[in-house]
2 protein chains.
Amino acid sequence: MRKHVLLYGLLGGLLIAGLKLIEYRWLVVEHSVEIYGGLVAAVFAGLGIWLGLRLTRQAETVVVREVVVAGPVTFVRDQRKLESLGITPRELEILELIAEGLSNKEIAARVYVSENTVKTHSSRVFLKLGARRRTQAVQLGKELRLIP
Amino acid sequence: MRKHVLLYGLLGGLLIAGLKLIEYRWLVVEHSVEIYGGLVAAVFAGLGIWLGLRLTRQAETVVVREVVVAGPVTFVRDQRKLESLGITPRELEILELIAEGLSNKEIAARVYVSENTVKTHSSRVFLKLGARRRTQAVQLGKELRLIP
DNA sequence: TCCAAAATCACCCCTTTGGGTGACGCGCGG
DNA sequence: CCGCGCGTCACCCAAAGGGGTGATTTTGGA
């Protein structure tokens with residue numbers, strides 16, 4: 001900004017000097033005042049426009065438009081809810097496998113325990129979730145952010 | 001833009017007239033030319049700056065920045081997959097209710113049909129999805145973007 | 001008007017699931 | 001050392017789910 005003012009003043013001074021020269025050398029005629037005024041007006045108007053453009057060049061209005069992008073929603077387990085419900089890690093594991101659509105028998109084979117054990121875990125987790133069916137348990141588990 | 005030029009000209013004319021008045025009424029003194037030039041320079045410079053600002057006012061730079069927002073992902077049903085699997089609207093409806101954790105009996109009460117009908121629909125939808133259990137059907141339905 | 005798809009309902013049979021109870025071992029902290 | 005929580009397993013029973021077949025009605029379009 002200060003630089004602009006200095007430049008402005010310098011150019012003005014040079015112009016005045018130039019005009020003085022012109023006035024004393026070959027434009028000392030009648031109506032020279034009008035010509036002089038017109039010249040000054042034109043030059044300074046141009047200078048003003050240039051200066052105005054200069055001043056507002058960096059005055060860019062940055063508009064940040066937020067765009068919702070379907071990003072991979074990172075799943076964060078709600079540990080507090082998990083603890084408040086008293087769901088053990090094993091029970092949660094069984095619930096996850098239930099959510100994958102596996103039967104008790106398949107789950108038993110997956111985690112190397114008997115089907116009866118899987119039934120016990122699932123029964124407990126249903127009790128803690130207040131679910132009557134495994135589909136309901138899955139729905140509740142997802143709602144409560146216990147499983148992805 | 002044309003308006004600006006006209007305004008500019010008009011103001012310039014008025015200024016000239018004003019200056020003429022000043023010159024002939026009470027500023028007919030020595031060095032009046034310098035004063036005259038200074039005035040013209042100052043006024044036109046101001047005018048130029050104003051004009052420059054005016055012209056560049058609408059030169060806004062819009063920066064679009066994409067921001068990942070964990071927004072509620074709007075569910076869009078995959079109609080093509082639905083058709084390719086030959087799943088009827090009614091069957092889809094039943095699948096949705098299954099996904100909500102309802103039993104066949106509850107679904108029957110909800111849609112005002114017999115439990116046997118619900119069983120038929122669910123059986124068909126399981127067949128079309130290649131699911132053996134309702135939990136698996138739900139999981140597949142969500143994967144295939146048939147249900148939210 | 002007639003056909004085909006969709007929707008509806010019923011019955012049988014078997015599997016799976018859910019609920020309840022009881023029991024055993026293991027590890028940890030009082 | 002004893003209790004407690006957790007994980008494990010077993011058995012029983014009732015309810016729900018799933019597969020198959022067959023049938024009727026509704027409905028939308030050729």
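In what follows, chains carry the letters A, B, and so on, assigned in the order in which the sequence lines appear, proteins first and then strands, with residues in each chain numbered from 1. It should be emphasised that the depicted structure is a prediction, and the values quoted were computed from it without experimental measurement.
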In this structure, would B/Leu129 and A/Leu102 fall into the same cluster of hydrophobic residues linked by side-chain contacts under 4.5 Å? no
Side-chain heavy atoms nearer than 4.5 Å, only ILVMFWY residues, links allowed to pass through others: does that put B/Leu97 and A/Leu140 together? no
Go through it in stages, so that I can follow the logic: the residues are B/Arg132 and A/Glu106, the test is side chain to side chain contact (heavy atoms under 4.5 Å, CB included), and I'd like the CA-CA distance, side-chain angles, deciding distance and then a yes or no. CA-CA 12 Å; B/Arg132 296 178 176 222; A/Glu106 288 167 339; 5.7 Å; no
From OH of B/Tyr112 over to P of C/dC9, roughly how many Å is that when rounded to an integer? 14 Å
Whole Å only: how far is the CD1 atom of B/Ile94 from the P atom of D/dG18? 13 Å
Separation of D/dC6 atom P from A/Glu83 atom CD, nearest Å, is 11 Å
Just how far, in rounded Å, is P of D/dG18 from CG of B/Leu95? 12 Å
Verify the contact: side-chain N or O of B/His121 to OP1 or OP2 of C/dT8, cut-off strictly under 4.0 Å; return yes or no. yes
Between A/Lys128 (side chain) and A/Gly86 (backbone), is there a donor-acceptor pair under 3.5 Å? yes
Please confirm whether the shortest side-chain N or O distance from B/Asn116 to OP1 or OP2 of C/dA10 is below 4.0 Å. yes
Reading DNA chain D from 5' onward, which residue's closest nucleotide shows up sooner: A/Ser114 or A/Lys128? A/Lys128
Taking NZ in A/Lys81 as the centre, count heavy atoms belonging to other residues, nucleotides or ligands within less than 6.0 Å. Is the count above 12? yes
Side chain of A/Arg90 only, heavy atoms from C-beta on: which candidate in C/dC9, D/dT8, D/dA10 is closest? D/dT8
For A/Val111 and A/Thr117, what are the C-alpha separation, side-chain angles and deciding distance, and is it a side chain to side chain contact (heavy atoms under 4.5 Å, CB included)? CA-CA 10 Å; A/Val111 298; A/Thr117 306; over 6 Å; no
Determine, step by step, whether B/Ile98 and B/Ile147 satisfy the side chain to side chain contact (heavy atoms under 4.5 Å, CB included) criterion, reporting the C-alpha distance in whole Å, the side-chain angles of both residues, the deciding distance to 0.1 Å, and the verdict. CA-CA 11 Å; B/Ile98 286 175; B/Ile147 51 177; over 6 Å; no
Considering every strand and a 4.0 Å limit on heavy-atom distances, what is the contact class for A/Thr117: base, sugar-phosphate, or nothing? base
Salt-bridge criterion met for B/Arg80 and B/Glu83 (N-O under 4.0 Å): no
B/Val138 and A/Val138: CA distance, side-chain angles, deciding distance, side chain to side chain contact (heavy atoms under 4.5 Å, CB included) verdict: CA-CA 10 Å; B/Val138 169; A/Val138 169; 5.5 Å; no
As a check of understanding: the bend across the helix from C/dT1-D/dA30 to C/dG30-D/dC1, end axes from five pairs, rounded to 10 degrees, works out to 40°
Reading nucleotides 15-25 of chain C 5' to 3', which nucleotides get B (base under 4.0 Å from a protein heavy atom), which S (sugar-phosphate only), which -? -SSBB------
